[in-house]
Amino acid sequence: MAVAFPGFPPELFEFLRQLARHNDRTWFQAHKTEYQTAVVTPLTDFITAIAPRLKKISPHYVADPRPHGGSMFRIYRDTRFAKDKRPYKEHAACQFRHAAGKDAHAPGFYVHLAPKEVLFGGGVWLPPAPELRRIRDAIARDGGGWKRAVGGKAFKATFGDVHGVSLSRPPRGFDPEDPHIDDIKRKSFFAMRRVAPGDALEANFVDEVGATFRAATPLMKFLCMTIAVPF
């Protein structure tokens with residue numbers, strides 16, 4: 001049964017704008033209640049609303065509304081090895097990863113909310129070396145299947161193309177003349193749709209995200225087949 005979602009409140013983006021201006025612990029602690037109201041609560045409601053829509057696409061992707069340990073990404077940045085010591089992310093996000101995955105590097109669907117851009121879609125981000133090799137091997141071995149996964153009309157109309165940071169040269173053992181070498185060189189494989197932030201404030205936003213996730217299905221099926229998990 002579909003769950004209604006009224007759209008994100010404008011206060012979510014206003015909080016993120018203010019956070020970008022005052023990205024320090026003192027300011028955040030003074031505005032933590034506002035963070036809970038403007039960001040955590042509506043994200044929790046969104047995750048609850050997308051869950052039945054996601055289940056219709058695949059029962060193997062998890063929409064967990066818990067603010068800690070669920071689908072919602074933490075606002076805190078890991079700065080231990082970073083030159084940028086700002087303690088907080090300046091966007092809100094959630095990932096609906098495969099039930100077989102344990103972290104953000106598993107195949108999943110993703111929603112990113114920032115004052116200047118909103119994007120959502122699916123794929124896999126920086127998979128571990130064994131899984132990455134299997135994806136590359138599958139593209140090289142089954143170019144026709146890869147083309148069907150990312151070359152369909154609905155996929156192209158929604159996403160344009162697959163994206164992800166790439167190697168500057170073909171990985172060792174792959175033919176530089178392979179017609180899909182640009183994709184084989186990728187270290188991530190994802191399809192994202194960008195919309196204006198104002199679209200996230202609309203009551204039909206959850207349905208737009210659900211339809212976009214469905215449009216990413218061919219890519220997600222290919223990735224799942226490649227790394228031997230069910231879709």
Side-chain angles (χ1 to χ4, degrees), residues 1-5 7-8 46-47 49-63 71 93-101 106-114 117-125 127 131 134-136 138-166 178-231:
M1 180 178 177
V3 177
F5 177 71
F8 285 98
F46 173 80
I47 293 168
I50 199 69
R53 295 163 172 86
L54 185 61
K55 189 174 182 179
K56 288 182 179 179
I57 297 171
S58 168
H60 301 288
Y61 286 87
V62 179
S71 300
C94 48
Q95 186 199 31
F96 310 107
R97 67 180 66 106
H98 197 282
F109 296 94
Y110 178 73
V111 177
H112 176 104
L113 301 155
E117 69 170 0
V118 169
L119 55 92
F120 41 91
V124 61
W125 178 69
E131 285 79 5
R134 290 168 71 174
I135 294 169
R136 288 171 169 167
I139 296 172
R141 182 180 63 252
D142 184 17
W146 176 248
K147 185 176 180 179
R148 288 190 295 274
V150 301
K153 289 183 179 180
F155 187 93
K156 287 287 189 183
T158 304
F159 306 110
D161 206 348
V162 176
H163 300 280
V165 65
S166 297
D178 188 295
H180 303 293
I181 195 61
D182 286 343
D183 288 323
I184 291 171
K185 289 193 298 183
R186 296 190 191 283
K187 295 189 287 184
S188 296
F189 305 82
F190 52 80
M192 290 290 158
R193 176 185 172 193
R194 283 176 168 78
V195 300
D199 290 2
L201 309 181
E202 301 297 329
N204 68 341
F205 180 68
V206 67
D207 293 317
E208 288 295 313
V209 173
T212 301
F213 286 176
R214 186 172 295 279
T217 293
L219 171 64
M220 302 302 285
K221 283 184 175 180
F222 186 94
L223 295 172
C224 287
M225 175 192 67
T226 298
I227 62 176
V229 295
F231 186 86

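No experiment lies behind these values; they were computed from the predicted model shown.
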> Does the plane of the ring in His163 sit parallel, tilted or perpendicular to the ring in Phe190? Use 30° and 60° as the thresholds.
tilted
> Which pair of non-hydrogen atoms, one from Ala49 and one from Ala4, has the smallest distance, and what is that distance?
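Residues Ala49 and Ala4, closest heavy atoms: CB-O, 4.2 Å.
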> Would you indicate whether Lys156, at its atom NZ, is surrounded by more than 12 heavy atoms from other residues, nucleotides or ligands within a distance under 6.0 Å?
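Atom NZ in Lys156 is crowded, with more than 12 foreign heavy atoms closer than 6.0 Å.
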> Please report the interatomic distance CD1(Ile57) to NZ(Lys221), rounded to the nearest 0.5 Å.
11.0 Å
> Are side-chain heavy atoms of Phe8 and Val118 found at a separation under 4.5 Å?
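The answer is no; the side chains never approach within 4.5 Å.
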> Is it the case that the side chain of His98 and the backbone of Pro230 share a donor-acceptor pair, with hydrogens and angles ignored and the cut-off at 3.5 Å?
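Side chain of His98 to backbone of Pro230: a pair is present.
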> Considering all heavy atoms of both residues, which atom of Thr158 and which atom of Ala215 are nearest to each other, and what is their separation?
OG1-CB, 3.6 Å
> Over all heavy atoms of both residues, which pair between Met220 and Tyr61 is shortest? Give the atoms and the distance, please.
CE-OH, 3.5 Å
> Side chain to side chain contact (heavy atoms under 4.5 Å, CB included) with Ile139: which of Val150, Ile184, Ile181?
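Filter result, single survivor: Ile184.
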> Starting at CG of Asp142, measure out to NE2 of His180 and round the result to the nearest 0.5 Å.
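Interatomic distance, Asp142 CG to His180 NE2, rounded to 0.5 Å: 8.5 Å.
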> What's the spacing between Gln95 CD and Phe109 CZ if we round to 0.5 Å?
10.5 Å
> Kindly write out the residues that satisfy side chain to side chain contact (heavy atoms under 4.5 Å, CB included) with Lys187, not counting sequence neighbours, or none if the list is empty.
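Result, side chain to side chain contact (heavy atoms under 4.5 Å, CB included) vs Lys187: Leu126, Arg136, Val165, Leu167.
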> Over all heavy atoms of both residues, which pair between Ala63 and Ile50 is shortest? Give the atoms and the distance, please.
CB-CG2, 4.2 Å
> So, taking the atom named CG in Leu219 and the one named CZ in Phe155, what distance separates them when rounded to the nearest 0.5 Å?
5.0 Å
> How long is the span from the OH atom in Tyr110 to the CZ atom in Phe96, to the nearest 0.5 Å?
11.0 Å
> Looking only at non-hydrogen atoms, find the nearest pair between Ala138 and Thr226 and report the distance.
CB-OG1, 3.5 Å
> List the steps and the verdict of side-chain contact (heavy atoms from CB on, under 4.5 Å) for Val124 and Ile135.
CA-CA 10 Å; Val124 61; Ile135 294 169; 4.0 Å; yes
> Could you pull out the closest heavy-atom pair between Ile47 and Cys94, with the gap in Å?
CD1-CB, 4.1 Å
> When you measure from the side chain of Arg186 to the backbone of Gly164, do you find a donor-acceptor pair of N or O atoms at a distance under 3.5 Å?
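Yes, Arg186 side chain to Gly164 backbone: donor-acceptor pair under 3.5 Å.
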> Rounded at 0.5 Å granularity, tell me how far CG in Asp161 sits from CG in Asp183.
6.5 Å
> Using atom types as modelled, flag every donor-acceptor pair under 3.5 Å from a side chain in residues 196-213 to any protein atom, sequence neighbours excluded.
residue : atom : partner : partner atom : Å
Asp207  : OD1  : Arg53   : NE           : 2.9
Asp207  : OD1  : Arg53   : NH2          : 3.2
Glu208  : OE1  : Arg193  : NH1          : 3.1
Glu208  : OE1  : Arg193  : NH2          : 3.2
Thr212  : OG1  : Arg193  : NH1          : 3.0
Thr212  : OG1  : Glu208  : O            : 2.8

